[in-house]
Enquirer: 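Below: one structure in structure tokens.
We're numbering straight along the sequence, starting at 1.
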Amino acid sequence: ANPPSFAHVHCAERLGVPLHLMFTFPTSPTQQFPHPLANIKQSNVDRNYTNFMSYPLVEMMTWQGLGDLVNRFRVKSLGLEPISTLWAPGQLYRMRVPHSYLWSPALIPKPPDWGPEIQITGFVFLDLASSFEPAPELMDFLKAGDPPVYIGFGSIVVDDPNKFTALILEAIGKAGVRALVSKGWGGLGDESNVPQNVFMLGNTPHDWLFPQVSAVVHHGGAGSTAISLKCGKPTFVGEYC
């Protein structure tokens with residue numbers, strides 16, 4: 001299972017089967033870096049301590065929001081006893097549930113305070129390029145000039161897609177490059193006002209596309225990061241607030 005599925009350890013308990021968690025970012029406590037969902041600010045507290053404590057704190061906040069639902073599921077659906085707020089946060093760590101983290105150890109080495117039940121296995125990839133048929137318009141754009149810069153923000157949804165699109169087009173103009181702009185979940189792109197050096201891109205497999213671009217600007221998603229590094233492309237993670 002993956003950690004955000006939440007029911008994993010409870011179903012495993014009810015069925016009496018082993019549980020192995022796999023994920024694309026760390027949820028196991030370590031002194032090396034904070035939980036990715038924790039906003040750690042500078043303080044006079046030891047950084048190793050704050051890094052480590054960020055993990056149970058995130059779990060505690062999650063349990064505050066979902067604990068009643070989880071316990072209702074345990075009691076009514078699984079026939080198990082409810083668990084307490086004292087036990088729930090950090091239970092996977094205390095039980096040494098095996099974890100596999102799907103990134104390259106060349107990017108983030110395994111922290112020395114993780115035990116043998118936690119492994120970094122390397123990136124995983126879908127082979128979508130072999131069955132992809134690109135639109136003629138996309139092929140024409142790729143052949144019409146220098147390799148473009150890819151710009152895409154995946155599942156990020158913004159409040160004002162048109163304003164965000166205008167910002168991207170302004171940046172492309174200042175950089176003086178050709179660009180592929182992925183519409184993504186945010187629905188980017190007022191296609192009535194797109195310059196000739198920009199192509200508004202629909203759903204296109206990254207393993208087919210990235211070998212043909214000059215650089216990648218993306219939202220930092222696990223899949224985009226993995227394939228851009230695999231293809232050896234200059235990669236920049238951008239965030240829009």
Side-chain angles (χ1 to χ4, degrees), residues 1-40 45-74 77-78 80-127 154-156 206-207 218-230 235 237:
N2 66 9
S5 60
F6 297 116
H8 42 58
V9 69
H10 314 292
C11 292
E13 178 185 349
R14 178 66 181 86
L15 296 170
V17 298
L19 172 65
H20 189 149
L21 292 178
M22 300 184 181
F23 207 39
T24 54
F25 68 74
T27 59
S28 301
T30 176
Q31 298 180 44
Q32 297 298 300
F33 42 76
H35 193 291
L37 301 182
N39 185 13
I40 303 298
V45 179
D46 179 71
R47 178 172 291 276
N48 291 339
Y49 176 79
T50 56
N51 285 344
F52 189 89
M53 290 305 298
S54 68
Y55 291 83
L57 286 174
V58 168
E59 288 196 38
M60 191 174 298
M61 294 297 293
T62 303
W63 184 258
Q64 290 294 328
L66 296 175
D68 57 339
L69 298 176
V70 171
N71 272 332
R72 191 182 311 155
F73 174 70
R74 283 178 61 88
S77 298
L78 301 181
L80 299 173
E81 294 291 324
I83 53 178
S84 70
T85 302
L86 291 175
W87 170 255
Q91 64 174 319
L92 299 175
Y93 175 75
R94 294 190 301 272
M95 295 165 64
R96 298 187 180 276
V97 171
H99 283 67
S100 292
Y101 288 119
L102 310 180
W103 66 73
S104 171
L107 184 64
I108 304 176
K110 178 180 175 178
D113 54 355
W114 279 357
E117 76 279 6
I118 304 175
Q119 297 294 332
I120 296 176
T121 63
F123 290 123
V124 294
F125 300 97
L126 286 173
D127 179 14
S155 57
I156 299 298
H206 289 166
D207 59 332
H218 62 83
H219 64 303
S224 302
T225 301
I227 192 63
S228 59
L229 293 177
K230 180 183 180 182
T235 302
V237 176

Enquirer: Among Asn51, Asn48, Ile118, Asp113, find the one that has a side-chain contact (heavy atoms from CB on, under 4.5 Å) with Thr30.
Expert: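 Only one of Asn51, Asn48, Ile118, Asp113 forms a side-chain contact (heavy atoms from CB on, under 4.5 Å) with Thr30, namely Asp113.
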Enquirer: Where do Ile108 and Tyr101 land on the side-chain contact (heavy atoms from CB on, under 4.5 Å) test, with the steps shown first?
Expert: CA-CA 10 Å; Ile108 304 176; Tyr101 288 119; over 6 Å; no
Enquirer: Any side-chain heavy atom of Met95 sitting closer than 4.5 Å to one from Val9?
Expert: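 They are in contact (side-chain heavy atoms under 4.5 Å apart), so the answer is yes.
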Enquirer: If you look at every heavy atom in Pro29 and Phe52, which pair is closest and at what distance?
Expert: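 That would be CB-CE1, 3.6 Å.
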Enquirer: Indicate the atoms forming the closest heavy-atom contact of Lys110 with Gly115, along with that distance.
Expert: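 Residues Lys110 and Gly115, closest heavy atoms: NZ-O, 3.0 Å.
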Enquirer: Are side-chain heavy atoms of Ile83 and Gln91 found at a separation under 4.5 Å?
Expert: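 In contact.
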Enquirer: Would you confirm whether Ser224, through its side chain, and Gly220, through its main-chain N or O, come within 3.5 Å as a donor-acceptor pair?
Expert: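 A pair under 3.5 Å: no.
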Enquirer: Less than 4.5 Å apart, any side-chain heavy atom of His218 and any of Val237?
Expert: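 Result yes, sub-4.5 Å side-chain heavy-atom pair found.
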Enquirer: Is any side-chain heavy atom of Phe6 closer than 4.5 Å to one of Leu66?
Expert: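 Touching, per the 4.5 Å side-chain cut-off.
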Enquirer: Would you name the heavy atoms of Val124 and Leu102 that are closest together and state the gap between them?
Expert: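 In this case the closest contact between Val124 and Leu102 is CG2-CD1, 3.9 Å.
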Enquirer: Distance-only, no hydrogens or angles: does the Tyr55 side chain make a donor-acceptor pair with backbone N or O of Tyr93 under 3.5 Å?
Expert: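 Checking the backbone N and O of Tyr93 against the side chain of Tyr55, no donor-acceptor pair under 3.5 Å is found.
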Enquirer: Looking at Asn71 and Trp63, what are the two nearest heavy atoms and their distance?
Expert: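 Where Asn71 meets Trp63 most closely, the heavy atoms are ND2-CZ2, 3.7 Å.
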Enquirer: Flag this pair as yes if the NZ/CZ of Lys230 is under 6.0 angstrom from the six-membered ring centre of Phe125 and inside a 45 degree cone about the axis; otherwise no.
Expert: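 Pair Lys230/Phe125 counts as cation-pi.
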Enquirer: For Leu15, I'd like to know if atom CG has over 12 heavy atoms of other residues, nucleotides or ligands within 6.0 Å.
Expert: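 Result for CG/Leu15: enclosed.
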Enquirer: State, with a plain yes or no, whether a side-chain heavy atom of His20 is found less than 4.5 Å away from one of Pro98.
Expert: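 The answer is yes, as the side chains (C-beta and beyond) meet within the 4.5 Å cut-off.
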Enquirer: Classify the angle between the aromatic ring planes of His8 and His10 as parallel (below 30°), tilted (30 to 60°) or perpendicular (above 60°).
Expert: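 Ring orientation of His8 relative to His10: parallel.
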Enquirer: Can you find a pair of side-chain heavy atoms, one from Ser228 and one from His206, that are under 4.5 Å apart?
Expert: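 Ser228 does not reach His206 side chain to side chain.
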Enquirer: Would you find a donor on one side and an acceptor on the other, under 3.5 Å apart, between the side chain of Ser77 and the backbone of Arg74?
Expert: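 No, the answer is negative, given that no donor and acceptor are paired below the 3.5 Å cut-off.
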Enquirer: Could you grab the distance from atom CG of Leu92 to atom CG of Leu19, nearest 0.5 Å is fine?
Expert: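 Taking CG in Leu92 and CG in Leu19, the distance rounds to 7.0 Å.
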Enquirer: What heavy-atom pair brings Val58 and Ala38 nearest, and what distance separates the two atoms?
Expert: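 In terms of heavy atoms, the two residues are closest at CG2-CB, 4.0 Å.
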Enquirer: In the structure I gave you, are the side-chain heavy atoms of Thr27 and His99 within less than 4.5 Å of one another anywhere?
Expert: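 Sidechains of His99 and Thr27: in contact.
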Enquirer: Can you find a heavy atom in the side chain of Thr225 that is under 4.5 Å from one in the side chain of Thr235?
Expert: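 With C-beta onward as the side chain, the pair stays apart.
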Enquirer: Does Pro89 offer a backbone N or O that forms a donor-acceptor pair with the side chain of Arg94 under 3.5 Å?
Expert: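 Checked: pair present.
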Enquirer: Does the Ser54 side chain pair with the main chain of His35, one donor and one acceptor, at a distance under 3.5 Å?
Expert: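 Judged by distance alone, yes, a pair lies under 3.5 Å.
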Enquirer: If every non-hydrogen atom of Cys11 is compared with every non-hydrogen atom of Leu78, which pair is closest and at what distance?
Expert: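 Closest pair (atom of Cys11, atom of Leu78, distance): N-CD1, 4.0 Å.
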